[in-house]
> 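Let me give you the structure first, and then I'll get to my questions.
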Amino acid sequence: MRSGYVALIGPPNVGKSTLLNQILKEKISITAPRPQTTRNKVLGILTDPEVQIVLVDTPGIIKTHDEFNKILVDAALATLSEVDVICFLVDALKAYREDAGFVLQSLRGVTAPIILAINKTDLMHNKRELLPLINEYSQTMPFSAILPISALTGDGVNALVAQIKQLLPEGPRYFPEDHLTDQPERFLVAELIREKVFHLMRQEVPYAVAITVEQFSEKPEQNRIDIEATIHVERDSQKGIIIGKQGQTLREIGKQARGDIEALLGCHVFLGLFVRVQKNWRKDPRARSEFGYRQGR
Ligand code: GDP
Ligand code: MG
């Protein structure tokens, strides 16, 4: 099983939404149910027996000189350092200099593998123009792959998905398949908690972590939702890291997650977090199903 986060980036109108729909068309699992304020917004999740691809949106990288926008660019780059793969879309009809030069320059510091997808190839009258374009791009920075696609017709999209799969690390299904459509909030909540764990334990393998949401009770009269969630890890040492000195790290995870969850759900949230060690849960089918993960379909 491979899984991970894939950022879909590119200038406005390059075809990101069209590509997303094309990718998710047949296997749609979830699209975010309401606007979110998280930095990496989950756009959709593709799940099949071998892979789970969580497609995320990131704030745009915009060329600018003023200080505020520079901060936005820095924020965008920071979110890009959290994903496993970056899929950068450019327009086949526009020369790269005007279109993508600035973004390419900004991406130089990012460590995740970058796939360059040259979109809207269906609009090219002369397909022979593609080769010089690919050459030009390949000289700007080392891409993991450069793929011509048409998000509209679907041409090349399977190859793109295959390439993404290859670049993803091994990992569990973050989002249990069968719960996706009926309880999207729970999974976004679990996702937000996982994101905070990930932030705060950069050195550790975040794939050893699973989040389950045991309780999700709405208290309309108090405009509050009470949530209880468990962070599952594989080793005692990981539990220690997540809890931190005198519970400091866990408190920080809870604080940050609660802020995001409140913004997501638009009400007050009580968040109880527990950490549980389940040795090698990723290898244990029983544990996986207990966590709502399934092997295969
Ligand atoms: P976004 O702003 O990056 O999300 O771009 P959209 O997905 O909204 O697409 C912008 C416009 O480009 C829309 O009119 C799409 O129909 C069109 N578009 C996107 N991908 C393609 C493509 O591969 N071929 C053609 N011909 N049009 C496309
Ligand atoms: Mg769009």
Side-chain angles (χ1 to χ4, degrees), residues 5-46 53-64 69 72-73 75-77 79-80 82-107 110 112-138 140-141 143-164:
Y5 287 71
V6 178
L8 218 51
I9 63 168
N13 290 319
V14 74
K16 296 181 292 295
S17 303
T18 311
L19 177 62
L20 181 78
N21 291 337
Q22 188 67 248
I23 291 178
L24 296 180
K25 197 156 76 182
E26 281 150 43
K27 304 169 188 169
I28 185 155
S29 293
I30 184 176
T31 48
R34 53 180 94 176
Q36 291 165 74
T37 54
T38 60
R39 291 200 302 172
N40 281 336
K41 184 172 101 176
V42 175
L43 296 172
I45 301 163
L46 183 150
I53 301 175
V54 183
L55 291 153
V56 296
D57 198 10
T58 57
I61 298 172
I62 320 148
K63 179 166 180 139
T64 171
N69 280 322
L72 288 183
V73 172
L77 290 174
T79 64
L80 286 181
E82 293 162 8
V83 300
D84 300 296
V85 175
I86 294 168
C87 178
F88 179 40
L89 259 70
V90 292
D91 194 316
L93 297 186
K94 289 186 189 154
Y96 88 93
R97 278 171 218 293
E98 47 181 283
D99 189 41
F102 174 72
V103 180
L104 287 173
Q105 216 179 326
S106 309
L107 286 175
V110 171
I114 303 171
I115 301 171
L116 183 78
I118 302 180
N119 191 30
K120 308 198 186 181
T121 50
D122 59 295
L123 294 177
M124 291 182 106
H125 293 302
N126 188 351
K127 292 277 191 291
R128 276 185 305 186
E129 286 164 16
L130 205 50
L131 209 56
L133 194 62
I134 290 174
N135 270 331
E136 206 170 352
Y137 275 116
S138 68
T140 59
M141 66 183 297
F143 292 106
S144 296
I146 300 182
L147 300 171
I149 64 164
S150 169
L152 197 65
T153 66
D155 244 17
V157 173
N158 279 342
L160 174 63
V161 172
Q163 184 66 39
I164 291 172

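All ligand and atom numbering here is 1-based and tracks the order in the structure.
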> With the side chain counted from C-beta on, respond yes when N119 and T18 share a heavy-atom pair under 4.5 Å apart, and no when they do not.
no
> Once side chain to side chain contact (heavy atoms under 4.5 Å, CB included) is applied, do any residues pair with S144, and if so which ones, sequence neighbours excluded?
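Counting only residues at least two positions away or on another chain, S144 forms a side chain to side chain contact (heavy atoms under 4.5 Å, CB included) with P113, L167.
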> Does an N or O anywhere in N13 fall below 3.5 Å from an N or O of ligand 1?
yes
> Below 4.5 Å, heavy atoms only, C-beta onward: do I114 and L116 meet side chain to side chain?
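Heavy-atom side-chain distance check fails, nothing below 4.5 Å.
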> Does any N or O atom in T153 lie less than 3.5 angstrom from one in ligand 1, N or O only?
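Looking only at distances, the answer is no, because the N/O contact criterion of under 3.5 Å is not met.
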> With a heavy-atom distance limit of 4.0 Å, tell me whether T18 approaches ligand 1 through its side chain, its backbone, both, or neither.
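Near ligand 1, T18 shows its backbone as well as its side chain.
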> Considering the heavy atoms of S150, write down every atom of ligand 1 situated less than 4.0 Å from one of them.
22 (C), 23 (O), 24 (N)
> List for me each residue that meets side-chain hydrogen bond (donor to acceptor under 3.5 Å, both in side chains) alongside D122, sequence neighbours excluded, and say none if there are none.
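Checked D122 against side-chain hydrogen bond (donor to acceptor under 3.5 Å, both in side chains); matches are S150.
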> So is there a nitrogen or oxygen of I149 less than 3.5 Å from a nitrogen or oxygen in ligand 1?
no
> Find all atoms of ligand 1 within a distance of less than 4.0 Å from any non-hydrogen atom belonging to L123, and give their numbers and elements.
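Checking each atom against L123, I get 26 (N).
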> Has the side chain of K120 got a donor or acceptor atom that lies under 3.5 Å from a matching backbone atom of L93?
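No.
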